[in-house]
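Read the structure below first, then the notes.
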2 protein chains.
Amino acid sequence: MVGRQGQGGGAGNKAGARRAGLDFPRPLTSVDIVIFTIRLEALHVLLVRRGHAEGEPFPDAQALPGGFVDVARDRDLEACARRKLAEKTGVVSPYLEQLGSWGSATRDPRGWSATHAYFALIPASAAETALAADAQWFPLYGAGVKPRLAFDHQEILQAAVQRLRNKVEYTSLPAYLMPEEFTLPELQRTYEIVLDRPLEKSAFRTRMLSADLIEPIDKMRKGPNRPAQLYRLKAAAAPVYFARTFNAPE
Amino acid sequence: MVGRQGQGGGAGNKAGARRAGLDFPRPLTSVDIVIFTIRLEALHVLLVRRGHAEGEPFPDAQALPGGFVDVARDRDLEACARRKLAEKTGVVSPYLEQLGSWGSATRDPRGWSATHAYFALIPASAAETALAADAQWFPLYGAGVKPRLAFDHQEILQAAVQRLRNKVEYTSLPAYLMPEEFTLPELQRTYEIVLDRPLEKSAFRTRMLSADLIEPIDKMRKGPNRPAQLYRLKAAAAPVYFARTFNAPE
DNA sequence: ACACTTAGTTGTACTGTCCAACTTACTTAG
DNA sequence: CTAAGTAAGTTGGACAGTACAACTAAGTGT
């Protein structure tokens with residue numbers, strides 16, 4: 001066992017003059033956020049265009065919003081993520097969940113780096129209001145443009161989509177993509193857009209209503225056809241886990 | 001927007017002489033592993049006793065195995081985790097999954113630090129063979145000793161247990177805690193130990209067998225009572241997602 | 001031979017999905 | 001003004017899988 005460093009074990013460092021040997025190279029540490037919303041009947045991600053200053057890797061490429069942790073300003077990782085999210089979208093309290101971390105010697109040409117990835121869901125209404133100048137929404141599946149992403153951001157994005165779709169199968173996550181008031185068919189369409197697959201109407205209704213996470217409000221939406229009951233997310237709406245899945249035929 | 005750093009946007013740094021300004025303080029970066037096994041009919045975690053060299057925080061406390069990333073030896077985070085796992089247990093290829101990351105200005109008295117936490121499952125048979133001298137198994141729930149843990153490791157451990165128990169509800173994870181050959185009742189007991197709750201026998205059987213992840217082998221275990229069919233994990237046994245849960249009465 | 005224990009099966013009740021057909025209410029075309 | 005069209009929401013039957021209890025089968029110890 002060679003070159004033992006600090007935290008791990010008991011061995012300790014030789015001298016001890018320099019505060020228990022913290023003088024070894026540290027990886028770069030960043031936070032990246034995968035921000036989803038639904039626009040134009042499709043799932044979209046927010047990407048930012050990278051700069052092309054000298055020494056900047058992946059100049060002019062698209063990337064997930066993010067950046068290095070600022071040890072002076074960020075109290076913790078989540079605060080860092082919220083700061084970057086607010087800077088790019090103006091949204092302050094969306095659904096925010098940690099996705100995972102990616103770190104290796106090669107993912108950033110500037111050196112060993114590790115990024116902490118988060119993913120956020122914001123409602124369509126908030127998606128356009130205070131967007132940063134260098135940020136832009138891109139559709140996920142479908143005929144949309146597929147920009148090449150910087151670093152390993154393609155892999156991170158992939159993981160985020162998979163996590164989102166997995167969780168949608170048995171939780172109430174898509175409710176965070178809805179405006180404050182919505183109808184059940186609208187909610188169902190959101191689920192269908194995220195899953196990219198039609199769902200069963202009656203099963204969806206019974207399950208949604210028995211899940212006790214949305215409540216009907218005393219209003220109706222006067223659609224072009226029949227009027228529809230409006231619902232709202234219940235106060236303490238932690239994601240709820242469902243039992244089965246609901247598939248539609250064909 | 002002040003003090004923009006590298007990766008994020010386009011602004012770039014003033015001078016550019018020092019390779020696009022990477023000369024800002026970086027957080028300490030470590031990897032910690034929550035290693036579970038089942039011993040003596042109870043879920044156990046591996047903890048290591050910290051040293052008491054000068055400048056070492058939490059001297060003599062118990063902690064999760066882990067330590068700083070070594071940018072010279074570790075190609076990526078997972079390799080770092082596997083290295084530390086092998087150092088402490090001798091096990092080389094267990095079930096290993098990323099759990100999440102914890103980072104803040106205060107979690108380590110030595111400065112802003114971020115840890116990447118993993119969790120591993122190893123079979124009982126491998127739990128004792130090549131244990132490091134400073135490592136020890138601790139039972140999780142039950143009357144066992146509850147050692148105070150260093151850093152925020154209590155929180156990380158908590159998260160690992162919750163993740164494990166959540167996943168057990170609808171996946172085949174506990175199979176990784178089993179020896180190569182096992183009987184269905186043994187597998188069920190493992191599930192029950194992890195969940196700390198009795199399960200329904202017949203529902204467990206039908207679901208396990210229809211899940212297509214274990215296969216009967218041509219042997220029987222000659223228990224003290226009836227002989228029981230032996231099973232083995234199927235080759236490419238990625239965790240399988242089940243539909244519902246199975247509860248036993250009372 | 002007997003009680004005791006555990007592996008594994010069987011059968012009934014119940015819950016919730018899958019699926020199609022239906023009713024209700026509003027819009028638009030003629 | 002009426003008829004056709006469309007979307008919201010309900011109803012009912014087929015089916016699958018869990019919850020639960022009672023059962024059979026095969027070994028052990030006294």
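In what follows, every chain begins at residue 1, and chains take the letters A, B, ... in the order their sequences are listed. The analysis underlying the following values was restricted to heavy atoms, covering all of them including side chains, and did not include hydrogens, waters or symmetry mates.
Note on the helix from dA1(C)-dT30(D) to dG30(C)-dC1(D): angle between the axes of the first and last five pairs equals 10°, rounded to 10 degrees.
The shortest distance between side-chain heavy atoms of E41(B) and R189(B) falls below 4.5 Å. Using a 4.5 Å heavy-atom threshold, the side chains of V91(B) and T129(B) count as separate. The closest side-chain heavy-atom distance from F138(B) to Q62(B) is below 4.5 Å. The shortest side-chain heavy-atom distance between L187(A) and F204(A) falls under the 4.5 Å cut-off. Between I156(B) and T115(B), the closest side-chain pair of non-hydrogen atoms falls below 4.5 Å. Considering only heavy atoms from C-beta on, R82(B) comes within 4.5 Å of E78(B) through its side chain. L43(A) has its side chain out of reach of D196(A): every pair of non-hydrogen atoms, C-beta onward, lies at least 4.5 Å apart. A heavy-atom distance below 4.5 Å is not found between the side chains of R148(B) and Q154(B).
Between the side chain of R83(B) and the backbone N or O of D74(B), no donor-acceptor pair lies under 3.5 Å. Put simply, the side chain of H153(B) never gets that close to the backbone of A63(B): no donor and acceptor are under 3.5 Å apart.
For Q188(A) and E192(A), the side-chain atoms include at least one donor-acceptor pair closer than 3.5 Å.
One can place CZ of R221(A) at 16 Å from P of dC26(C), the figure rounded to the nearest angstrom. The distance from atom OH of Y231(A) to atom P of dA8(D) is 12 Å, rounded to the nearest whole Å. Atom-to-atom, CG of L199(A) to P of dG9(D) comes out at 16 Å; the value is rounded to the nearest Å. Atoms CZ (R205(A)) and P (dT11(D)) sit 11 Å apart, rounded to a whole Å. Look at CE on M220(B): it is 9 Å from C1' on dA7(C), rounded to the nearest Å. Distance CZ (F204(A)) to P (dA7(D)): 17 Å, rounded to an integer number of Å. As rounded to whole Å, 12 Å separates atom P of dT18(D) from atom CG of L209(B). Atom-to-atom, OH of Y191(A) to P of dT17(C) comes out at 12 Å; the value is rounded to the nearest Å.
The existence of a salt bridge linking D134(A) and K88(A) is confirmed by a sub-4.0 Å separation between a basic side-chain nitrogen and an acidic carboxylate oxygen.
Residue E200(B) places its side chain closer to dA19(D) than to any other of dA8(D), dT18(D), dA19(D). Relative to the side chain of P185(B), the nucleotides dA7(C), dT10(D), dC18(C) differ in distance, and dA7(C) lies closest. For R189(A), counting side-chain heavy atoms from C-beta on, the closest listed nucleotide (dT18(D), dA8(D), dT17(C)) is dA8(D).
Side-chain nitrogen and oxygen atoms of R207(A) include none within less than 4.0 Å of the OP1 or OP2 phosphate oxygen of dG16(C).
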Task: Sequence-aligned protein contact record of nucleotides 23-30 of chain D, with B where the base is within under 4.0 Å of a protein heavy atom and S where only the sugar-phosphate is - done: --BSBS--
For nucleotides 11-13 of chain C, tabulate all protein N/O to nucleotide N/O atom pairs closer than 3.5 Å, reporting atom names and distance.
none

